[in-house]
There are 2 protein chains.
Amino acid sequence: MDATQTRERILGAADALFGELGFDVTTTRDIAERSGVNKALIHYHFGTKDDLLEALLEGYYAKLGEALTAALGRRKGLAAQVEEVLDAYADFLAEHRSFTRIVQREVASGRHVERVVQRTLPMFQLGMTWLDEALTGAPRDFDAVQVLTTVYGMVVTWFTYGEVLRQLSGKDPFAPAALAARKRHVKKVVSLLLAEVEGRR
Amino acid sequence: MDATQTRERILGAADALFGELGFDVTTTRDIAERSGVNKALIHYHFGTKDDLLEALLEGYYAKLGEALTAALGRRKGLAAQVEEVLDAYADFLAEHRSFTRIVQREVASGRHVERVVQRTLPMFQLGMTWLDEALTGAPRDFDAVQVLTTVYGMVVTWFTYGEVLRQLSGKDPFAPAALAARKRHVKKVVSLLLAEVEGRR
DNA sequence: CTCGTCGTTAACCATTTGGTTAAACCAAAC
DNA sequence: GTTTGGTTTAACCAAATGGTTAACGACGAG
């Protein structure tokens with residue numbers, strides 16, 4: 001087993017455990033056992049447990065950024081781009097279930113708020129730049145911050161409250177059909193929003 | 001100092017600390033120090049640290065339930081009731097900032113998911129019962145689960161991502177004017193949704 | 001073959017944690 | 001004054017944690 005494999009195994013185990021148990025309760029011994037390596041290797045390869053979280057987030061946000069950038073380049077026009085970005089974002093969360101859990105857990109409280117905020121901010125800033133152009137002259141209360149937070153919140157909350165929704169409906173909220181339905185709903189709400197902006201301009 | 005005061009002080013300190021640091025990192029020594037009581041009193045009055053969290057959540061959800069029930073009784077008609085409930089929920093989150101932080105941190109990962117899910121579920125079920133009646137015959141993708149999650153997500157995300165929004169806009173997202181603007185936006189989005197439901201029925 | 005580098009291991013360590021326990025304290029009732 | 005019940009205190013404890021360290025093994029280059 002070479003160093004790259006060892007690193008990947010540790011990252012994979014940490015990802016799973018942070019997503020299940022949260023960072024604070026997960027111990028380096030848990031991670032070592034899950035990844036099948038000696039605990040001291042975590043420190044050899046990553047330094048501290050905090051640094052391991054940093055490495056994990058770094059990887060996630062790099063991939064998310066690529067996915068969103070690719071989505072933006074796929075089609076022209078605001079409405080079409082919104083759909084592509086929504087698909088990309090929702091698909092990313094669906095494929096990386098730990099990511100939502102880790103981020104939602106750490107974005108508003110705990111020791112890693114700044115770590116997460118500083119990585120989320122550029123995404124929001126990009127969204128703002130893009131939406132500001134599109135929403136010029138939008139009616140009151142439909143400025144870019146409001147719209148961005150609304151769209152972001154509709155998507156991320158589905159994943160965050162998945163367990164509530166599962167028990168509420170008796171169905172798997174992460175099944176492909178359920179996710180497709182959620183995407184359709186969000187897109188429709190967004191199109192209502194955009195129609196409102198266009199109509200009142 | 002009587003027992004009731006002691007309990008309140010412990011609960012207050014726990015509330016603040018769990019909201020700032022998260023449950024797992026907060027120690028009983030932290031709580032004792034913040035509340036100005038001896039650490040053993042936490043166990044005397046509440047049992048385990050987990051039981052303390054339970055007591056805190058119990059108190060929160062009782063109050064939230066009352067606030068929402070009162071809001072529902074204030075006016076008649078779906079649109080008016082939605083506004084009242086939105087106001088009540090947003091005001092509750094604004095006045096209890098720790099609540100959002102604790103709940104958002106524990107609802108999707110960690111050792112207390114079930115504890116939070118079991119308390120959030122009745123709220124969602126109530127919302128479903130109410131919206132199901134109102135949304136009978138709603139168009140595809142506008143069923144109660146979808147609408148409820150959307151409205152809930154728009155509100156809770158503003159509070160969860162407050163720090164991102166603060167750095168994004170350079171303004172305090174929790175200032176009264178900012179919260180009022182958020183409420184207006186959410187209400188407008190909801191009214192667009194309801195108009196869509198009515199118009200397509 | 002020797003040396004240097006990298007990755008790995010097993011053992012170690014100081015510190016901290018949630019919870020326990022028995023004694024002390026306090027106020028009210030008798 | 002004594003007793004009782006409730007509250008509080010100071011000390012204690014076993015277990016666990018993140019991180020450290022020195023030794024070992026493997027491999028490639030000279």
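Reckoned from all heavy atoms, side chains included, excluding hydrogens, waters and symmetry mates. Throughout, a chain's letter reflects where its sequence line sits, starting with A, and its residues are numbered from 1.
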Listing time: all N or O pairs from protein to nucleotides 16-22 of chain D that are below 3.5 Å?
residue : atom : partner : partner atom : Å
D:dG18  : OP1  : A:Lys49 : NZ           : 2.9
D:dG18  : OP2  : A:Thr28 : N            : 2.9
D:dG18  : OP2  : A:Thr28 : OG1          : 2.9
D:dG18  : N7   : A:Arg29 : NH1          : 3.1
D:dG18  : O6   : A:Arg29 : NH2          : 3.0
D:dG19  : OP2  : A:Lys49 : N            : 2.8
D:dG19  : N7   : A:Lys39 : NZ           : 2.5
D:dG19  : O6   : A:Lys39 : NZ           : 3.2

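The closest donor-acceptor contact from the side chain of A:Arg184 to the backbone of B:Asp141 lies at 3.5 Å or more, if one exists at all. Side-chain atoms of A:Lys49 do not come within 3.5 Å of backbone N or O of A:His43 as any donor-acceptor pair.
Ring geometry for A:Phe92 against A:Tyr60 counts as perpendicular: the plane angle is over 60°, on a 0 to 90° scale with 30° as the lower cut.
In the model, A:Arg75 has no side-chain atom that pairs as donor or acceptor with a side-chain atom of A:Gln81 under 3.5 Å.
At C:dT8, none of the side-chain N or O atoms of A:Tyr44 fall inside 4.0 Å of OP1 or OP2 (strictly under the cut-off). Close to C:dT8, at under 4.0 Å from its OP1 or OP2, lies a side-chain N or O of A:His45.
Set against C:dT9, D:dA10, D:dT7, the side chain of B:Ala3 has D:dT7 as its closest nucleotide.
The shortest non-hydrogen separation linking B:Leu11 to B:Leu56 is O-CD1, 3.8 Å.
In this structure, the CD1 atom of B:Ile42 is 12 Å from the P atom of D:dT9, given to the nearest Å. As rounded to whole Å, 10 Å separates atom P of D:dT7 from atom CZ of B:Arg7. Spacing between atom CZ of A:Arg9 and atom C1' of C:dT8 amounts to 13 Å, rounded to whole angstrom units. A:Asn38 places its CG atom 15 Å from the C1' atom of C:dC6, with the value rounded to the nearest Å. Between the CG atom of B:Leu53 and the C1' atom of C:dG18 there is a distance of 15 Å, rounded to whole Å. Here the P atom of nucleotide C:dG18 and the CG atom of B:Leu52 are 11 Å apart, to the nearest Å.
The aromatic ring centres of A:Tyr89 and A:Phe159 sit 6.0 Å or more apart.
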